[in-house]
Amino acid sequence: MSAAQSDGKPKRHICTSCSKPARVCLCSRIRTRNLDNSISVTILQHSLERNHPLNSTRIAKLGLKNLNVVTVFEVDFEARFEIRLLEPGLGLIGPESSGFDQVREKGITQKAGFEVKGDGKCQDEKNRDLIDENENPCEKLDKGSHVDAINGGGVVINATMLKYGVVSHLSHIWKVDTHGKKPKFEHIVTSTMAKEALRGGFVVKKLGRKKLEGNMELEVEESEEFEIKVPQGSVLLFPSQNAIGVDELKSMHFEVKNLIVLDGTWSKAGRVYNENPWLKLLPHLRLDLDRMSLYSEIRSQPKVGCLSTIESIVYSLKALGEKVDGLENLLDVFESMVGDQRRLKDERLSKRTKD
């Protein structure tokens, strides 16, 4: 006998499609399911958001055909990331010319999180962007078996992450100048060859690592958490310091083919961003909107322009030129879901007052 039955309360029926109780099911409110969006969407969803009653990713799942939702857990002990190229030969031969390589006359520019000083190389590295067996005069990178394992397995970037975004180890196949600082993911894209290789798309595998309890010696268990394909033309919707607006993106003739969105409260989304440093390899996009989210009535939003996941997706797709009909209906469904939550809240308050 279930807990609900033992308490004398009827068990609520939950819709298997939208994961909402039957009385507030969203399915019938969506006029057209599986809209064939030409710009695909990848949602990195914080694990604690999956069952939240106000989570709007459920609307995206019902409404968008080209959608991939990936559950992301916070780093508990350690996490390891392996990155492989979708086009292994790209960027390993010569430099590229892409929309994000616009360098100002002073030789310093920042575009979408990419910082380039001069040509991104120190004097002794003008003609050598790839790791070889000679010591890098600008930076001492890991050598020996670890680098051999990276090259042999097709992995071009290998990193170990601790809690709260602390990178304890980072190695890759390119030579970059870190100016004496600890290697970071941001340094990788100062290499023209690295940018060219990553521009063709890559695959990210995250391996979660946790300590086994009850053992005198430190033992670690490793398991795969996710493997994500990040295709060419991917951008991250995130208002970082170096994020650019849609108009600037269009002026650079960069065709967005895949929009990556973080799903969670602002603090949770920040944790996902900091603990997944590979996101810093992507161009960052911001939405310049001066409006309050429909969430604002029932869920705290830090400031104007902070939107729900479905609002962010719809407004971004429209701004990027997505032509598929039916996107506005997804916002209507979201508004009705917020209305449901407001009504249920009022009913609870009314019941308490009567009691």
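- Of the residues listed (Leu198, Ile228, Ile157), the one engaging Trp278 in a side chain to side chain contact (heavy atoms under 4.5 Å, CB included) is Ile228, and it is the only one.
- Side-chain N or O atoms of Lys318 include none that pairs as donor or acceptor with a backbone N or O of Glu328 at under 3.5 Å.
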Which is it for Thr190 and Asp177 under the side-chain hydrogen bond (donor to acceptor under 3.5 Å, both in side chains) test, yes or no, and what are the steps along the way?
CA-CA 8 Å; Thr190 62; Asp177 183 8; over 6 Å; no
Is there a salt bridge (charged side-chain N to carboxylate O under 4.0 Å, His left out) between Glu78 and Arg80? Walk through the geometry before answering.
CA-CA 7 Å; Glu78 282 184 348; Arg80 191 162 61 83; over 6 Å; no
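- Under the rule for a side-chain contact (heavy atoms from CB on, under 4.5 Å), the partners of Pro53 that lie at least two apart in sequence or sit in another chain are Lys20, Gln341.
- Here the closest non-hydrogen pair linking Ala194 and Ile188 is CB-O, 3.2 Å.
- Proximity of a side-chain donor or acceptor of Lys206 to a complementary backbone N or O of Phe73 within less than 3.5 Å is detected.
- Residues Leu285 and Ala243 approach most closely at C-CB, 4.1 Å, considering heavy atoms.
- Checked against Gln45 for a side-chain hydrogen bond (donor to acceptor under 3.5 Å, both in side chains), the options Asn55, Thr71, Thr309 give a single hit: Asn55.
- Not one N or O on the side chain of His52 forms a donor-acceptor pair closer than 3.5 Å with the backbone of Arg50.
- For Leu86, the side-chain contact (heavy atoms from CB on, under 4.5 Å) partners two or more places apart in sequence, or in a different chain, are Val203, Lys229.
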Do Phe254 and Ile244 pass the side-chain contact (heavy atoms from CB on, under 4.5 Å) test, and can you show the C-alpha distance, the side-chain angles, and the key distance before you say yes or no?
CA-CA 12 Å; Phe254 184 89; Ile244 62 174; over 6 Å; no
Starting from the C-alpha separation in whole Å, work towards a yes-or-no answer on side-chain contact (heavy atoms from CB on, under 4.5 Å) for Trp174 and Val156. CA-CA 8 Å; Trp174 300 283; Val156 296; 3.9 Å; yes
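- Residues His187 and Thr178 approach most closely at ND1-CG2, 3.4 Å, considering heavy atoms.
- Minimum interatomic distance between Val246 and Ala319 (heavy atoms only, all atoms of both residues): CG1-O, 3.4 Å.
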Evaluate side-chain contact (heavy atoms from CB on, under 4.5 Å) for Leu62 paired with Val333, printing each intermediate quantity in order.
CA-CA 11 Å; Leu62 292 171; Val333 175; over 6 Å; no
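- Closest non-hydrogen pair, Val75 versus Glu275, comes out as N-OE1, 2.7 Å.
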Tabulate below the donor-acceptor pairs under 3.5 Å that side-chain atoms of residues 28-37 make, not counting sequence neighbours, or state none.
{"from": "Arg29", "atom 1": "NE", "to": "Cys25", "atom 2": "O", "distance (Å)": "3.2"}
{"from": "Arg29", "atom 1": "NH1", "to": "Ser336", "atom 2": "OG", "distance (Å)": "2.9"}
{"from": "Arg29", "atom 1": "NH1", "to": "Asp340", "atom 2": "OD2", "distance (Å)": "2.8"}
{"from": "Arg29", "atom 1": "NH2", "to": "Asp340", "atom 2": "OD2", "distance (Å)": "2.8"}
{"from": "Asp36", "atom 1": "OD1", "to": "Asn66", "atom 2": "ND2", "distance (Å)": "3.2"}
{"from": "Asn37", "atom 1": "OD1", "to": "Lys65", "atom 2": "N", "distance (Å)": "3.4"}
{"from": "Asn37", "atom 1": "OD1", "to": "Asn66", "atom 2": "N", "distance (Å)": "3.1"}
{"from": "Asn37", "atom 1": "ND2", "to": "Ile39", "atom 2": "O", "distance (Å)": "2.8"}
{"from": "Asn37", "atom 1": "ND2", "to": "Asn66", "atom 2": "O", "distance (Å)": "3.1"}

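- Connection of Val70 to Leu207 is not established within any shared hydrophobic cluster, with ILVMFWY side chains joined at heavy-atom distances below 4.5 Å, either directly or through further cluster members.
- Tyr315 has its side chain within reach of Leu307: a pair of non-hydrogen atoms, C-beta onward, lies under 4.5 Å apart.
- Using a distance-only test at 3.5 Å, with no hydrogens or angles considered, a donor-acceptor pair links the side chain of Ser308 to the main chain of Glu311.
- The aromatic rings of Phe226 and Phe81 are tilted relative to each other, their planes meeting at an angle between 30° and 60°.
- Ile313 CD1 to Leu287 CG: the interatomic distance, rounded to the nearest 0.5 Å, is 11.0 Å.
- At least one side-chain heavy atom of Val235 sits under 4.5 Å from a side-chain heavy atom of Leu259.
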